[in-house]
Structure formats: C-alpha cells, structure tokens
S.K.: 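What follows is a single structure, and I will ask about it in a moment.
What you see below is based on every heavy atom in this structure, not just the backbone, and it leaves out hydrogens, waters and symmetry mates. Owing to the predicted nature of the structure, the values given are computational and were not obtained by experimental measurement. Throughout, protein chains are lettered first and strands after them, A, B, ... in sequence-line order, and every chain is numbered starting at 1.
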2 protein chains.
Amino acid sequence: MAYGYKIGSIPITTVQRLATYLPALREMQRQGRSIVSSANLADMLRLEAIQVRKDFGYLEITGRPKTGFKIVELIEAMERGLSWNRVSDAILVGTGHLGTALLNYRGFGYHGLNINAAFDIAPDRVGTVINGVEVQHLDAMGGSLDAAMAILTVSPESAQAVAEKLVQAGITGIWNFTGRTLLLPEQVIIQDQDIAIGLAVLSAKLTARAREAIEAESTLRP
Amino acid sequence: MAYGYKIGSIPITTVQRLATYLPALREMQRQGRSIVSSANLADMLRLEAIQVRKDFGYLEITGRPKTGFKIVELIEAMERGLSWNRVSDAILVGTGHLGTALLNYRGFGYHGLNINAAFDIAPDRVGTVINGVEVQHLDAMGGSLDAAMAILTVSPESAQAVAEKLVQAGITGIWNFTGRTLLLPEQVIIQDQDIAIGLAVLSAKLTARAREAIEAESTLRP
DNA sequence: GGTGTATCGAGAAAAAAGTATCGATACCGT
DNA sequence: ACGGTATCGATACTTTTTTCTCGATACACC
C-alpha cells in the first residue's frame, strides 16, 4: 500500500478482525455468557486461537489463564482502542438501491455510526423519507454539515464530482461504494468498498477449486 | 488465516487488486486508449507502479519497455488467469434492500456473474420480479439448481439455516453478506463480505487522524 | 545509426503478518 | 493442599507481502 498499514499502532488486518469479533461477542452476551477464551472465539469465527490472542494483545486488556477474557472488558477495550464507542455522525449521498440498503442497515450501531442526512438529485427521491431520514437535494448541502464522514453511493460516473463537493462541505472521511478511485486531497481519508472484489475472489477460488478437482481426477486414471 | 492464502499460485491480495484494475482498464478502453504503463495505472488507483508490475507478473503477459502493456492483452490475461471470462451462474437468497441492490447491480458483468434465480420467504416478495428475475419461495428451491454459487443476503438470524439448505441443494460457493460466520463442510467455499468491516476501519482511521491532529497541536504550544 | 531515457522484469532486501514454542498462572478435582 | 491441566502472553520463528535495486530492452530524437 502507498501508505497506511496501521491505525495508531494496530495493524489494519487486526482492526478488521476485531470488527468481526465485536458482533460475535455481543451475541454471546445476549446468550448470557460472560467469559470467553481465545479458542472459543476462534472456533466460532473459523480462525486460529493464536491469532485471536495476538489481536487482543494490541488492546489494553489481560485475560486470565485457564479461564479466558471477560466479554464486557473485551468489548470495552475494543471500543476504547478503536473509538467505536463515540457515536460519529455521517451523511449518505446517493439513495439508489445500495444507498437505501445502507440507510436501513441495522449493524452500524455496533460501531457507533449514525446517518443523520441523505442527499440525492433525482426529483422522485428528494423529499422522501428512508428509515427516518429525509432525502434532501444535493444542492442543499451547505458548508456546515453535522458530520465528518460521508457514505458515497452514487453512480460511478458522478463519483469524483460529488466527492469533491463533499470535501468542500468539510467532509474528512469518505466511505466509497462507487467502485471508482477518488482523487482527493491527501488529508481526506478514503475507504474504498468495492463489492466486486469479494465476487472476484470467490469466483477465482471456485474455478481454482474446480480446476484442482479435474486434475485430481485425471491423475486417478492416466 | 486457517488456510487459503493463494488462488492457484496467485496471492489473494493480488487477485483483489487485479479486480480493481479491470474496470479501470475497461474505462480506458472506452476512452480509446490501447496502451498503459504500470505507472499510469498506479497513479489512477493510488498505488505504486512496482506493485502493479508485480501483480502483472503473475499473469501470462509481457509488457514492452518504454511503452507499457496492451490493454486488450492485459484484460485477456486477467480473465484467463482468474476465469472471469467464463460466465458463472448464481442464485440470490434474501431479497431485502441489500439483495435488491445486488440484483440491480451492473458491475457484476465484469466478472462474468449472472444471477438467474432469487429466493425469499416473505409472502409479499415471492412472485415479484426484480430486474428481470422472479422471486421464488425458498421452499421451491429444489436439488437441481442451475448455479454453483449463491449470494446470501438473508437476516443474520436465518443465515446458518439457509446456508445449510443451500449446501444440500448443491451450492459449492457462498458469498456471505449476513455478517454471521457460517459453519459448513470444508469443501464449500465461503466468501464473507462484512460491510461493517470497512466502516470499522474508516471510523478507526478517522479518530486516529483526529488524535494525531490534537497531539500535533498540543506540541505546538506546550 | 547512435545516444538518451522510460519502462519492464528478475532477484534481493525489507517489512508485515501469521504461527509456533514455552514458561507462568489460575482454576479444577481429588 | 496438591497435582493436573487449560489458558494466557511474551518471544522466536516462518511465511507472505511489499518494496527496492539494477540490468535489459525498445522507442524517440537527433
């Protein structure tokens, strides 16, 4: 990567896994559990126990031998270490199918996200209310937004232009679902969320697996 | 990772980047370009030229010094190396907001994906048609699906149960949007697509950046 | 045709991520 | 109380990924 392997002192790969531990831990809490071991979590998430423990090593927390970690403390440590406790406000731009899906998504609460405004330019969308958020016209987006983060779900074609507008409005972090690379001032933090990447990996894995199977078969009868 | 760093002989990280090169190259083609250098692509995608060239090194292709790569050949090599040329059929289960968004998504064609059936259990959705695909009742999903891959966009609560049903129906690859870890036979390939991870990373980056800024300021006036 | 330069591509080095080892510690059953 | 054992956590090791270095090659300009 050009820059940015780490967040503070925590590797990005660890942050990613921590993000998946969180809902798993919350689920355990709901089921009445209060203690979890690295092996428990690893089994649950198809990982290795060593890796889970290593990840926890970046947090300010200590487990107890023979027992494990207190789930409450774990969650607190994760929220503290990564600031998922402070609720951060975001706006969403582009209320197509994906934007609507995100506006209705319930999992964001885990990470303290609150979408407090939505924008679009299509006349038939402006004025509608999606999950309690009214869709405003993009031109109405003034300079004093009540958010630092923007979720960008517009068409690829308009991605760059809209992104520039967001930066002018004071947005400092963009979660980019458009699939286009945004070229913006360096101080703006961009998180690309290219859904097609996951598909590409899965599809490549599937054909690789299929190829293996064929090779294995041809080895059986030469 | 428990297993699976590579696809064939290509690192997963490379496959991921290749997946982002593809639309960029297609876009260039549309604009009439036929040659691209590693530096060109790198600039366009905010990467390093060396990395682009290394990624290309895994493909069966050679560039020309002082010129670069023929875009047509690049695309062909990528499709050949990762089998994105063969169209693969998929089904989609769970036609909520996200499922609907994916059914309407246009970017899948790049990777040869064709969603040929959709399933749900909600009575008000069964029978409707989304982007040309009729939503069928999940119980109607027989044993002879015309697809190897399934896109899972049901609720977290029903994820595991539905996934098991998919495996019984002969699905060998699952693109899992539910956020839950699926526990399935090892031969089933699972690609987790946890949207919250991207948010977690962005949100952590933002607060880390904010923290840096505060520290920098307090250093100025001690 | 010769010279300069941009680009590739192979191999080495560096950095990062993941995995193993092992002593220390706290619970469990007797 | 005591030995057995599961688990943590520090350190060392291995693998993977990224980055650097540098010679080779092909185009451009003179």
S.K.: In the 5'-to-3' direction, what one-character label does each nucleotide of nucleotides 4-12 of chain D receive under the scheme B = base within less than 4.0 Å of a protein heavy atom, S = sugar-phosphate only, - = no such atom?
M.R.: BBBBBB--B
S.K.: Give a yes/no on whether any side-chain N or O of A/R17 is located under 4.0 angstrom from OP1 or OP2 of C/dA17.
M.R.: no
S.K.: Taking only residues two or more places apart in sequence or in another chain, which ones pass salt bridge (charged side-chain N to carboxylate O under 4.0 Å, His left out) with A/R26?
M.R.: A/E79
S.K.: How bent is the helix from C/dG1-D/dC30 to C/dT30-D/dA1, comparing axes over its five end pairs at each side, to the nearest 10°?
M.R.: 30°
S.K.: Considering the options B/V162, B/L152, B/L166, which one meets the side-chain contact (heavy atoms from CB on, under 4.5 Å) requirement together with B/L182?
M.R.: B/L152
S.K.: Can you name the residues that form a salt bridge (charged side-chain N to carboxylate O under 4.0 Å, His left out) with A/R80, not counting sequence neighbours?
M.R.: A/E60
S.K.: Expressed as a whole number of angstroms, how long is the span from A/K6:NZ to C/dG18:C1'?
M.R.: 13 Å
S.K.: Whole angstroms only, please: what is the CD1-C1' distance between A/I35 and C/dA26?
M.R.: 12 Å
S.K.: For the aromatic rings, using the six-membered ring if either is Trp, is the centroid distance between B/W175 and B/F108 under 6.0 Å?
M.R.: yes
S.K.: Starting from P on C/dC8, measure out to NZ on B/K70 and report it in whole angstrom.
M.R.: 15 Å
S.K.: Please report, rounded to the nearest Å, how far the P atom of D/dT21 is from the CD atom of B/Q51.
M.R.: 17 Å
S.K.: Rounded to the nearest Å, what distance is computed from the CG atom of residue B/D55 to the C1' atom of nucleotide D/dT18?
M.R.: 10 Å
S.K.: Please list, chain by chain and in numerical order, all residues satisfying side chain to side chain contact (heavy atoms under 4.5 Å, CB included) with B/A169, sequence neighbours excluded.
M.R.: B/M141, B/L145
S.K.: Taking only residues two or more places apart in sequence or in another chain, which ones pass salt bridge (charged side-chain N to carboxylate O under 4.0 Å, His left out) with A/K54?
M.R.: none
S.K.: For A/R106, does the CZ atom sit with more than 12 other heavy atoms under 6.0 Å from it, leaving out its own atoms?
M.R.: no
S.K.: Any side-chain heavy atom of B/Y110 within less than 4.5 Å of one from B/L25?
M.R.: no
S.K.: Closer than 3.5 angstrom, by distance alone: can the side chain of A/Q187 be matched with the main-chain N or O of A/T172 as a donor-acceptor pair?
M.R.: no
S.K.: Send over the distance from A/E48 CD to C/dA17 P, rounded to a whole Å.
M.R.: 18 Å
S.K.: Rounded off to whole Å, could you give me the CG-to-P distance for the A/L18 and C/dA17 pair?
M.R.: 13 Å
